[in-house]
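Computed from heavy atoms alone, side chains included, the values below leave out hydrogens, waters and symmetry copies.
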Amino acid sequence: MPDPHSSPPAEPKGSDSLQRRLVAVGSALGASLGALLDHLPGAPHRPIPLAKGLGVNRAVTSNLLKALAQDNPLEVLHVIPGPEPLRKIAARLGDGSLPEALLDSAARAIDAFDLLIGDEAGTRPALDALLAPYLPGARAKLELASRYAVFKGISQLKGVQGELWIGTAVIAPSPTDPQRLDLTWLNGASAIQRMRPGVDVRFSYRFPQRAGKPSVTELELGPGDDVTSLEQFCANPPARLLARSVGDAVHYHLPDDILGPKDKVDMFVVDHHPASMRRFADPEAGTGVPQLTALFVEIAIPVANLVFDVILHEDVFPGAEAQLYFYDTGYNGVANVNDRGRDHERVDQVAPVESLGAGASAFETEHLPNYLPMLKHMAKRHRWDLAKFRGHRLNLQYPVLGWQVSMAFEKPLPPGTGE
């Protein structure tokens, strides 16, 4: 499958003829309806006066005028009202004051539009889905609307939702091994709430084993542990979670007395893995395929926003650009971006990664006011100089529960090897 930052996915067979039909219908609609309005007194038209004059809804005239202002016929199709509102407008204009030829041309274009929907899509929303590969703006709107519908449905089914899921990976050179990297994860959710009674609200966090000892969480810390509590940074009361360890995972349950939109809680988990990642590519592996290191998040509950940050020390993967991968992992579990056998599980999304630049202030986010204080707190504990770290961020509305989101970077060869 193609890299999400390169060319769009290959179009299906027959798409050339489909695109020609879409362009033809969009062009005919734009030309014929534009000619009608040009002959109508009062040009240039505004949505409200035009709506009053035609006796239609202002939203209809607003979308019509917006569509007719487009140069791209596919944008015309995406924005223009449906066939029935257009027929209503044409009927109101057919009072004898406009040339019959213009009315006939508009009627034919509207009929062709209606036929296009029936032949190629079935419904108007399905037509927008057909247009999405050709129009990045339309595709982004379609994906957002679809993810929102999933969020609303899953929230009701699961009986829980949150405002934000935060997933932050901070990577720094290991002070004990120049070939390795330290990884520190901050994961959690803000404004978690139970939507209906009788629902077991639970989610899990998986920890790698290190030195024969399971990793710890903020809720399990004792004297001598190496991560301090983040409860002081919660905007809502910290979640009183009931935790149970099973193998390398900890399963959390929200107590039954947390219920309703007024009962919101925050939960953050921090885990530190010293010398847990390879710093350099394997020079013996060949140069045909880049060797990638990927960090990933999987939201545990439905949330309105995902902020996924990878914060890299200046000496970690210097010059590497972030590559984003979405996987539907419902069948095979966690996917490795280097495994080409998992490419068929990738989901193509319009979701650019933002380069935040370097320095603590670059990492702020409006979604979590206490985020920067949390990072500074962690930096003090682990002796990071945040001025030497750069950030990469995915900010995604309504992430899909059950999808894995990976951010990958190409590993450099060890010093003194390669070109």
Side-chain angles (χ1 to χ4, degrees), residues 165-189 203-230 243 245-252 267-282 291-300 307-317 320 322 325 333-338 363 371 374-386 388-394 404-412 414:
W165 187 270
I166 188 80
T168 301
V170 183
I171 307 176
S174 168
T176 61
D177 186 344
Q179 302 296 314
R180 310 290 294 183
L181 300 169
D182 290 353
L183 169 63
T184 304
W185 269 109
L186 164 63
N187 279 291
F203 41 94
S204 303
Y205 190 81
R206 188 175 302 277
F207 300 103
Q209 302 289 331
R210 62 175 188 264
K213 175 185 176 182
S215 299
V216 296
T217 75
E218 293 295 340
L219 300 176
E220 299 174 329
L221 293 177
D225 281 315
D226 62 353
V227 181
T228 54
S229 174
L230 295 181
S245 296
V246 180
D248 62 349
V250 177
H251 302 277
Y252 299 103
M267 186 281 297
F268 300 106
V269 174
V270 173
D271 197 51
H272 180 63
H273 308 279
S276 61
M277 299 173 63
R278 293 181 179 178
R279 185 171 182 175
F280 302 107
D282 180 1
Q291 297 177 47
L292 302 177
T293 287
L295 297 307
F296 74 89
V297 293
E298 290 181 301
I299 62 170
V307 173
F308 176 21
D309 282 359
V310 176
I311 300 175
L312 304 174
H313 188 273
E314 61 187 6
D315 295 331
V316 174
F317 313 141
Y325 300 78
V334 174
N336 183 338
V337 299
N338 293 296
F363 308 139
Y371 183 50
M374 277 194 279
L375 290 178
K376 290 181 177 179
H377 181 76
M378 294 164 60
K380 182 177 180 181
R381 171 65 185 83
H382 295 288
R383 299 177 182 176
W384 302 326
D385 180 358
L386 290 178
K388 295 183 177 181
F389 285 76
R390 69 189 189 279
H392 302 269
R393 171 172 294 165
L394 169 67
Q404 173 187 323
V405 186
S406 295
M407 197 182 302
F409 301 85
E410 185 174 348
K411 287 191 291 240

Mind listing the closest non-hydrogen atom pair of [X] and [Y] along with its distance?
| X | Y | value |
| --- | --- | --- |
| G333 | Q404 | O-OE1, 4.5 Å |
| A300 | W165 | CB-CH2, 3.7 Å |
| A169 | L295 | CB-CG, 3.8 Å |

At what distance, to the nearest 0.5 angstrom, does [atom1] of [X] lie from [atom2] of [Y]?
| X | Y | atom1 | atom2 | answer |
| --- | --- | --- | --- | --- |
| F296 | F308 | CZ | CZ | 9.0 Å |
| H272 | M378 | NE2 | CE | 9.5 Å |
| L394 | S406 | CG | OG | 11.0 Å |
| S174 | M277 | OG | CE | 12.0 Å |
| L386 | L375 | CG | CG | 6.5 Å |

Aromatic plane relationship, H313 with F389 - under 30° parallel, 30 to 60° tilted, over 60° perpendicular: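 Ring orientation of F389 relative to H313: perpendicular.
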In this structure, is the centre-to-centre distance between the rings of H392 and F409 below 6.0 Å?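 Under 6.0 Å, so yes.
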Could you tell me which residues satisfy side chain to side chain contact (heavy atoms under 4.5 Å, CB included) with [X], sequence neighbours excluded, listed by chain and number?
| X | answer |
| --- | --- |
| S276 | L183, H273 |
| K380 | none |
| R279 | P173, L181, D315 |
| A281 | Q291, K411, L413 |

[Y] side chain reached by [X] side chain, heavy atoms, under 4.5 Å:
| X | Y | answer |
| --- | --- | --- |
| D182 | W384 | no |
| E298 | V405 | no |
| R278 | R180 | yes |
| I166 | N187 | no |
| W185 | V297 | yes |

Qualifying residues under side chain to side chain donor-acceptor pair (under 3.5 Å), relative to R390, sequence neighbours excluded: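 None.
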Partners meeting side chain to side chain donor-acceptor pair (under 3.5 Å) with D385 (sequence neighbours left out):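 Once residues adjacent in sequence are excluded, D385 has no partner under the side chain to side chain donor-acceptor pair (under 3.5 Å) criterion.
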Can you list everything that forms a salt bridge (charged side-chain N to carboxylate O under 4.0 Å, His left out) with R393? Sequence neighbours excluded, please.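 Only D309 meet the salt bridge (charged side-chain N to carboxylate O under 4.0 Å, His left out) criterion with R393.
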Do L230 and V270 pass the side-chain contact (heavy atoms from CB on, under 4.5 Å) test, and can you show the C-alpha distance, the side-chain angles, and the key distance before you say yes or no? CA-CA 8 Å; L230 295 181; V270 173; 3.2 Å; yes
With sequence neighbours excluded, residues passing ring pair (Phe, Tyr, Trp, His ring centres under 6.0 Å) with F280: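 F280 satisfies ring pair (Phe, Tyr, Trp, His ring centres under 6.0 Å) with no residue once adjacent residues are dropped.
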State whether the side chain of N338 and the backbone N or O of L292 hold a donor-acceptor pair below 3.5 Å, judged by distance alone.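 Checked: pair present.
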